[in-house]
Each structure stands twice: as C-alpha cells, then as structure tokens.
Colleague: 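I have a structure I would like to understand better, so I am pasting it below and will then ask my questions one at a time.
Since the structure is predicted, the reported quantities are computational estimates derived from the model, not experimental observations.
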Amino acid sequence: MVCSTKNASKGFLMQPMRSRGTLLLRGLVELEKREVIDYVNAYKSVLTSIKKEYDAFIETVKKGRRNAFYLHGKLKVLAAEPTALVYHQRRTIQLEAKMRIIDNNSKAIQLQIDQMKQLRMEYENTEVKLCASSKQLWKPIPGMTLQDSVNLDALNNHKQNLEDKCRKLKQDMSTMYVSAQKKADLDEEMIVLLKRRDIAENLNKDLRFRHQRLQVISHTLNSWMKQNMRIPFKDVLERIQQTKAIYGHAKVVDELFEDDPNKTKEAIVMLYYIERFHELISLGEYEKAACFAANSPKRILQNAGTMNKFKAIGKVRGKPLPLLLFFEAIFNTSQAFKRAINVDLTLEGIKCGLSEERLDLVTHWVTQAKLTFSEKVGDAICAYGEQHPYHKSKCLALAQIVYNECGLHKKAILCLCRQGQFHEAMEHIQQSKDINTDDLIQLITACPQIDLIRGLTEERNGKPPFLSFGLTVLHLFSVDMKKIGMKLLQEVSKAEKDVIEHLVMSDLFCSIEKWQELANICLQNGFKNLSNDIMSILRSQAGVSEISEDDTTNVMEHVFW
C-alpha cells in the first residue's frame, strides 16, 4: 500500500496544476471506498441477522392479517344463523297479522252477504204478499153473480163446494194417477215380462215340435211291433215318409227324415272322433291323437278333460312329452278357428312349454297363435326368465306382449324398464292414463335404475316431470337404496347453482320441510355445498337475504340491543 502511494505521489507531482487537483480528488475517493468496504465486511453477519429478523417480523404480520380476515368471515357466517331466525320470526309475525286481517275482512264480507240475503228474502216475501193481496180482487168470482159475491151465505156455500171438489181431486190423484217414477218402473217390469214371454214361447214351440216328433216315432214303432216286426224297419220308414200327410205333421216327418250331414250326422261324426281319439291313446299313438284332437269338429276334444288324459300319461321314454304334443297341435291350428284358445288351456300350455325348456315354442305361440292371455301367463314367463338369466331379455319381451294384450300397463312398463328401454317406457307412461304417482314410486323401487329415475324426474318437451326429485331421493333413502340416492345427489352437486335453483323452484310437490330434510341428508353424506345451495335458495324464497363479505355492518347489533 505504501508503494502504491509513492508511485501515485510521483505521478501527481509530474502533472500540470489543474489536472493535478483532479487526480488528487480521485485518489481520495478511491481511498474512502476501500475503507468503507473493509468496514462493511466487518459487520456483514450482523446486517444479515437483522435482515432475517425483519423478514420474519413481516411474515408474522401478514399471517396475522390472514387469520384476522378468516376469523372475520367465520364470524359473519356464525352471525347469519341468528339473523335468519330473527327474520323468520319477524316474517311469521307479519304473515299471522295478514291472516288476521284477511279473516276479519272475510267475516265482515260474509256478514254483509248474509244481511243482503236476509233483506232480499224479506223483500221477496213482502212482494209475494202484496201480489197475493192485490190479485185482481175487483174481478167477479167465477160461477157467482155480482149479488152473490157480496152475500155471505152464498160465499160460504161456494167455499164448501170448492173444498169438496178439492177433496175429490186429491182422492182421485191418489187412486187414479201414479208418479212418473212408478210409470218408469212399470215400463221396465213390462219389458222384462215381455222378454220372459218370448223366451217361454220359443221354448214351448221347441217342446211342441219335439213332442210331435216323438209321437211320430212312437206311432211308427207301435205299428212295426203290431206287425210282429215281419217287414224290415226300413220299409216302414219309407211308407211313413210316403204317407206323411196322414199324420198331420208333414214338417215333423220331413225334419225327422232329413239327410243333412250338418245336422243328422253331426252326432255320428262327433262320436267317431271321440272313439278314434281313445283308440289312438290306447295304441300309444300320442302324436296322431293330439292332431286328431286339434282337428276335432267344434273343438269337442280341446278341453280340460283331454288335457288331463295327456297329463296322466306322463313322460314316455325316448319320445316327446305327450302333453306338449297336445298343446303344440291345438295352438298351431288355433288360427283356423274364430274363437281363441281359452284362458286355462293357454296358461297350462305356456307352463308346459316352459317346463320342457321349449322357449322357441312359447315364443311362436305368443307371437303367432290365437290365444287368450292373462296376468298369470305373463307372470309365468317372467318367473322363467328370472330362473334362466340367459333368456331373461327374451322372456321380458314376451311378458310385455302378454301384459299389453291384457291391459296391464304397469307390468308392461316394468318389463320395458328391466330391458333397459327407458325411452319407450317414458312414452308408454305418457300415453297411459291410469298410472299415478304411487305406481311410479313402486316402479323405481322394483327397477332402481339411474336412467329411469332421471327420465321420471326431468322435464319432457316443456311438460313437468312425472315425479318430484326431492320426494324421489327421500324415498330412495327411506327404502335402503342409499347407493342410488347418492348417485343422484352426486350428479346434481356437479350442476351450477342456477340449475339447482330451477330444480327446487319447479318442484311443485316437494314442500319446504322436505327440502330441508333433503339438505340435511346431503350434509350427512358429504354434499355440503349442495346442502348450502339448497338452504340458500330456501332462505331467499322465504324473504331472507344473504350477508356479503364486504358488508361492514355489525351483524350482532340487534342481539346486544
């Protein structure tokens, strides 16, 4: 450092005067800088520790401000609860006052109405008396002269005559006339008696014809017996037919000897079918016997007795079930007849096909055959689908056809829902008029599907939903279907507050108490935001306004004062 100073002094002395002063000043500045740097370096650790303490103090102040802001917001939230209660109480008092005013006004109006009615009745009674008293008294009494009209004895006699006539008319009314209702009853009774008379006449005519036919047969047999049956009976019949005019019953004889296969041979044909059917059964030709029964005239072999014969046979080893052959034959030929197979045979046939696991036959019968369906048929098909999950969808479709044919729309809709055809189910519900809210609640209980519940609780084409969302969720939680209810609440919780407000306000069936209960359920199951939104919407509708965070008013002032 000394060496550098000497060199600087030598250079300083060699420069001119003006430049020499400048160089001197610069040297002094450099010297001071070096001394300050050495001085500051000595206190560097002290300054660093002071800076750290200063930063920690600033961070503590900021944290205290944040805590104060948080506690201030929490205080406002806690202060809102008693404020809402006070507002509700105040609103209750106002509404009760309005109700008392309305009741007083109603009583006053009702009193005025009663007074007006009383005045009107008095006015009408007075008017009637005036009219009766001033009813053309100046005109002469019919049947009396002017002189008799002012004679007291004549007036008494005339009054007595009028009373006698009145008494006679009353007596005639009770003996010679009847009321209109009595006349209507007599007319109905006469119609019933006329129908009975017509039925009796037809029966009498039929019995007389049978009596005449029996007389001809009896006469023929007696004649043949008197001749000791020496001539053939056929010749006797021909002779009677030729001399039918002798008996005086030509029509009876013609009817007796008529050769119409539809009438005279009908019993023979039926007897042949019955005998042939029993013969085939005894020979073990069950398939032929089933076809024979299916093609029998007038379906005489398509009855419960024939079914019981096939059922009594049971199973035959190596051959199809005879009872199934019988049902297959009569169902396949059902389109050839005007009338459908009766209910009992239809039910037994469907059960037989399902018990033999011939769902293909049952499908053909339900869709193509001419059967008479019932609720039991649909229930049997549904039960088979529950036992065989592989065929469940096909069984539900067949059961839906059966229920629609029977007019059981509720069960048909349930089948659609179990098939996942929710859109078709909604259309069916919209078209049906006999389905109410209780039926829909039972539907979602039997088929708790999110898509179904969503379709029932949402608006369709501007029309209100079929079910209330709030009541539906409460029902699900009440019948141990908490998982479905949780899924619905989770979907709603993701929506905006405007959507939730529209959902609450458009629900006409769910009361405020029910919505509060639903809000409590949301709070208990972790949907705190949804619960707060519902309660906020309810409070806004009840006349309670929310307190903003920027409001600096003392919210507890009304409590302390």
Side-chain angles (χ1 to χ4, degrees), residues 206 210 213-214 217 233-234 237 255-381 384 398 402 405-406:
D206 187 22
R210 292 181 182 182
R213 186 167 58 181
L214 290 174
I217 294 172
F233 187 70
K234 183 178 180 181
L237 296 178
E255 182 73 19
L256 184 63
F257 292 97
E258 184 179 7
D259 192 16
D260 187 359
N262 293 328
K263 294 182 179 180
T264 57
K265 294 184 179 181
E266 185 176 356
I268 299 174
V269 172
M270 289 183 179
L271 183 62
Y272 165 74
Y273 267 85
I274 294 172
E275 292 177 351
R276 179 60 178 165
F277 171 74
H278 287 288
E279 182 181 353
L280 292 173
I281 291 291
S282 61
L283 294 175
E285 299 289 342
Y286 302 122
E287 187 172 0
K288 291 183 179 180
C291 294
F292 214 74
N295 296 314
S296 60
K298 295 186 177 181
R299 290 180 171 177
I300 58 171
L301 293 175
Q302 297 184 21
N303 50 40
T306 307
M307 178 189 68
N308 292 330
K309 289 184 180 297
F310 280 101
K311 189 181 292 186
I313 296 170
K315 291 186 178 182
V316 180
R317 190 172 185 180
K319 293 184 179 180
L321 184 67
L323 183 61
L324 183 63
L325 295 174
F326 168 70
F327 285 121
E328 187 176 1
I330 65 174
F331 287 172
N332 291 338
T333 58
S334 60
Q335 292 290 348
F337 296 91
K338 293 182 179 180
R339 293 182 293 105
I341 304 294
N342 61 40
V343 177
D344 297 332
L345 289 179
T346 300
L347 178 60
E348 293 296 330
I350 296 295
K351 286 183 176 179
C352 179
L354 294 176
S355 64
E356 293 298 311
E357 297 187 357
R358 292 297 305 273
L359 188 60
D360 55 334
L361 282 179
V362 175
T363 304
H364 178 73
W365 293 342
V366 172
T367 56
Q368 302 295 331
K370 200 171 184 180
L371 307 178
T372 303
F373 296 119
S374 63
E375 185 178 2
K376 293 181 179 179
V377 174
D379 294 342
I381 297 174
Y384 181 82
L398 295 175
V402 173
E405 290 290 332
C406 298

Colleague: CG of Leu323 to NZ of Lys315: how many Å apart, nearest 0.5 Å?
Modeller: 11.0 Å
Colleague: Compare every heavy atom of Thr333 with every heavy atom of Ala329, then report the nearest pair and how far apart it is.
Modeller: O-OG1, 3.0 Å
Colleague: Measure the CD-SG distance between Glu285 and Cys291 for me, rounded to the nearest 0.5 Å.
Modeller: 11.0 Å
Colleague: Taking the side chain as every heavy atom from C-beta outward, state whether Asn332 and Trp365 have any atom pair closer than 4.5 Å.
Modeller: yes
Colleague: As an exercise, state the distance from CZ of Phe373 to CG of Leu398, rounded to the nearest 0.5 Å.
Modeller: 9.0 Å
Colleague: Would you mind reporting whether Ile281 and Ile313 have side-chain heavy atoms less than 4.5 Å apart?
Modeller: yes
Colleague: May I ask you to test the Leu361-Phe331 pair for a side-chain heavy-atom distance under 4.5 Å?
Modeller: no
Colleague: Donor-acceptor pair, distance only, cut-off 3.5 Å: does the side chain of Arg358 make one with the backbone of Leu324?
Modeller: no
Colleague: Return the CD1 to CZ distance between Ile350 and Phe327, rounded to the nearest 0.5 Å.
Modeller: 9.5 Å
Colleague: Return the minimal non-hydrogen interatomic distance between Cys406 and Glu375, and the atom names on each side.
Modeller: SG-N, 4.1 Å
Colleague: Say whether, by atom type as modelled, one donor and one acceptor occur between the side chain of Thr306 and the main chain of Gln302 under 3.5 angstrom.
Modeller: no
Colleague: Considering non-hydrogen atoms only, spot the tightest contact between Thr346 and Val377 and give its length.
Modeller: CG2-CG2, 4.3 Å
Colleague: Check whether Ser334 reaches the backbone of Ile341 with its side chain - one donor and one acceptor, N or O, closer than 3.5 Å.
Modeller: no
Colleague: For Ser374 and Val343, indicate whether the former's side chain and the latter's backbone hold a donor-acceptor pair under 3.5 Å.
Modeller: no
Colleague: Shortest non-hydrogen contact from Leu301 to Ser296?
Modeller: N-OG, 3.3 Å
Colleague: If I compare all heavy atoms of Gly314 with all of Pro322, which pair ends up nearest, and what's the gap?
Modeller: O-CD, 3.2 Å
Colleague: Could you tell me the separation between the NZ atom of Lys319 and the CG atom of Leu325, rounded to the nearest 0.5 Å?
Modeller: 10.0 Å
Colleague: Does Lys370, at its NZ atom, have more than 12 non-hydrogen atoms belonging to other residues, nucleotides or ligands within less than 6.0 Å?
Modeller: yes
Colleague: Report the distance from atom NZ of Lys376 to atom NZ of Lys351, rounding to the nearest 0.5 Å.
Modeller: 7.0 Å
Colleague: Has Glu356 got more than 12 heavy atoms of other residues, nucleotides or ligands less than 6.0 Å from its CD?
Modeller: yes
Colleague: How close do Phe310 and Tyr286 get, heavy atom to heavy atom, and via which atoms?
Modeller: CE2-O, 3.9 Å
